[in-house]
Amino acid sequence: MGDNDFYVRYYVGHKGKFGHEFLEFEFRPDGKLRYANNSNYKNDTMIRKECFVSQPVLDELKRIIEDSEIMKEDDSNWPAPDRVGRQELEVVMGSEHISFATTKLGSLLQVQSSNDPEGLRVFYYLVQDLKCLVFSLMSSHFKISPIQR
Amino acid sequence: MDVDRPRGGARKQKGRGFREPMELEDRLQAGQFEALPSDKSGPGPAKSVEGWVVLVTGVHEEAQEEDVHDTFAEYGDVKNIYMNLDRRTGFVKGYALVEYGSKGEAQAAIDDMEGKELLTQIVHVTWAFSSGPIRRARR
């Protein structure tokens, strides 16, 4: 991996009475976008799709991440992953590599009452913006409707 | 183990994900990923299930879907527009995906709108998907 390499991965999921239900996607430096969504509710099956996005899509993704300033944050004081669930955000950008993990965040109130509301708010909104981008890419390319969670 | 996945190396690492990693096996690393058929494997525009998708960036934060539609309908029948809002501010995030039924229509939009002004802002118009890797993987 060179210094210009750019990689993004997001995961959200939990293990419960319907097994391991999760959503995960990643963008690789060569443009490959991989998307997996597993919901066992009502015998729903695993969706696994991949495609290549163009360089301008990666550039737009990079802009969104840079604008958020997530790389300056630290997950030390964020609530740890727990039975409710786990979220992970991994980003490789320039000389930095973050892999943040926290629990599922149900509401902004939960963010505000945490030990790092400013940092967690950055994460809270960024992951929503990333999910929006990925859902739109998947919907337009494959005509599937991702499960919002 | 996936060789393409970046390892830490000389990069500065930060986060709980490094200290308390979670098993990846039943996630992205496992199973077969479905892709659309492609007659090419290199970079270049890729067809989507129902058409051809262009990416518009530099979209004005107060743009309405209608503004984008009116502009891009000049080049053909716009099947769909995806224009997301910034979840914090509620303003347009800055990009839109515009779907056409034919490659020719999408190409015309790219050729004519790239670098043009839309609501006082310069927009960039390009293909959203590629038929293969956009650069060679380094090992």
Side-chain angles (χ1 to χ4, degrees), chain A residues 1-2 5 7 9 11 13 20 22 24-26 28-32 34-36 38 46-60 63-64 74-76 78 80-81 86 88-90 92 95-102 121 125 128-129 132-133 136-137 139-143, chain B residues 4-22 26-28 30-36 38 43 45-46 48-51 53 55 57 80 82-88 93-99 124-138:
Chain A
M1 300 276 293
D5 280 336
Y7 173 84
R9 183 180 61 83
Y11 163 89
H20 183 201
F22 69 96
E24 186 168 30
F25 56 77
E26 70 174 357
R28 299 190 187 190
D30 65 354
K32 185 181 273 185
R34 279 185 149 185
Y35 174 91
N38 189 40
M46 173 82 110
I47 297 170
R48 281 200 182 97
K49 302 274 188 190
E50 66 179 25
C51 59
F52 286 95
V53 298
S54 64
Q55 186 62 49
V57 169
L58 290 187
D59 293 344
E60 184 67 3
R63 179 191 71 84
I64 291 170
D74 194 315
D75 62 358
S76 308
W78 298 358
R86 180 182 180 99
E88 286 177 10
L89 179 67
E90 183 176 1
V92 176
S95 62
E96 287 176 302
H97 186 173
I98 59 159
S99 181
F100 292 161
T102 187
R121 197 183 307 126
Y125 285 117
Q128 291 187 61
D129 286 332
C132 280
L133 173 62
S136 292
L137 288 167
S139 303
S140 68
H141 195 58
F142 292 105
K143 294 293 161 190
Chain B
D4 287 337
R5 202 156 166 274
R7 306 278 99 206
R11 286 197 172 85
K12 200 177 102 198
Q13 297 186 337
K14 186 166 63 177
R16 195 178 266 141
F18 294 110
R19 301 189 300 274
E20 301 155 33
M22 181 180 163
D26 58 339
R27 291 159 45 184
L28 284 182
Q32 284 297 308
F33 282 74
E34 218 181 300
L36 295 182
S38 167
S48 298
V49 166
E50 289 177 5
V53 181
L55 172 75
T57 57
N80 266 304
Y82 301 83
M83 191 166 78
N84 291 317
L85 305 181
D86 183 298
R87 299 300 290 250
R88 187 177 59 85
K93 193 67 192 169
Y95 66 88
L97 293 165
V98 179
E99 185 189 328
H124 293 286
V125 184
T126 56
W127 296 105
F129 297 98
S130 170
S131 54
I134 53 179
R135 58 166 150 155
R136 212 178 308 175
R138 270 170 296 183

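All figures in this text were calculated on a predicted structure; none of them were measured in a lab. Just so we're on the same page: letters track the sequence lines, and every chain starts at 1.
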Check: [Y] and [X] side chains under 4.5 Å, non-hydrogen atoms:
X       : Y        : answer
B/Leu36 : A/Phe142 : yes
A/Asp5  : B/Arg135 : yes
A/Val92 : B/Arg11  : yes
A/Asp59 : B/Thr57  : no

With only heavy atoms counted, which part of [X] is less than 4.5 Å from chain B, the side chain, the backbone, both or neither?
X       : value
A/Arg63 : side chain
A/Glu96 : both
A/Cys51 : side chain
A/Leu58 : side chain

A/Ser140 and B/Asn80 side chains, donor-acceptor separation under 3.5 Å: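 There is no such pair between these side chains.
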Report, as yes or no, whether the 6.0 Å neighbourhood of atom CZ on B/Arg88 holds more than 12 heavy atoms from other residues, nucleotides or ligands.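 No, because the 6.0 Å sphere around CZ of B/Arg88 holds 12 heavy atoms or fewer from other groups.
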To the nearest 0.5 Å, what is the distance between [atom1] on [X] and [atom2] on [Y]?
X        : Y        : atom1 : atom2 : result
A/Cys132 : B/Leu85  : SG    : CG    : 8.0 Å
B/Arg16  : A/Arg86  : CZ    : CZ    : 8.5 Å
A/Ser54  : B/Phe129 : OG    : CZ    : 8.5 Å
A/Leu137 : B/Leu55  : CG    : CG    : 8.0 Å
B/Phe18  : A/Ser99  : CZ    : OG    : 5.0 Å
B/Lys93  : A/Glu60  : NZ    : CD    : 9.0 Å

Step by step, work out the side-chain contact (heavy atoms from CB on, under 4.5 Å) result for B/Arg19 and A/Asp75. CA-CA 11 Å; B/Arg19 301 189 300 274; A/Asp75 62 358; 4.0 Å; yes
Could you tell me whether A/Asp74 and B/Lys14 have a side-chain N and a carboxylate O separated by less than 4.0 Å?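 Result for this pair is no, no salt bridge flagged.
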With a 4.0 Å cut-off on N to O distance, would you call A/Lys143 and B/Glu99 a salt bridge? yes
Of all the heavy-atom pairs spanning B/Asn84 and A/Leu133, show the shortest one and how long it is.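 So the minimum-distance heavy-atom pair works out to ND2-N, 3.9 Å.
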Taking the six-membered ring of B/Phe33, is the NZ or CZ of A/Arg34 close enough (under 6.0 Å from the centre) and on axis enough (within 45°)?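 The answer is yes; both the distance and angle limits are met.
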Please lay out, stage by stage, how B/Ser130 and A/Val53 fare under the test side-chain contact (heavy atoms from CB on, under 4.5 Å). CA-CA 5 Å; B/Ser130 170; A/Val53 298; over 6 Å; no
Picking from A/Phe52, A/Phe100, A/Trp78, A/Tyr125, which has the most non-hydrogen pairs under 4.5 angstrom with chain B?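 So the answer, after comparing A/Phe52, A/Phe100, A/Trp78, A/Tyr125, is A/Phe52.
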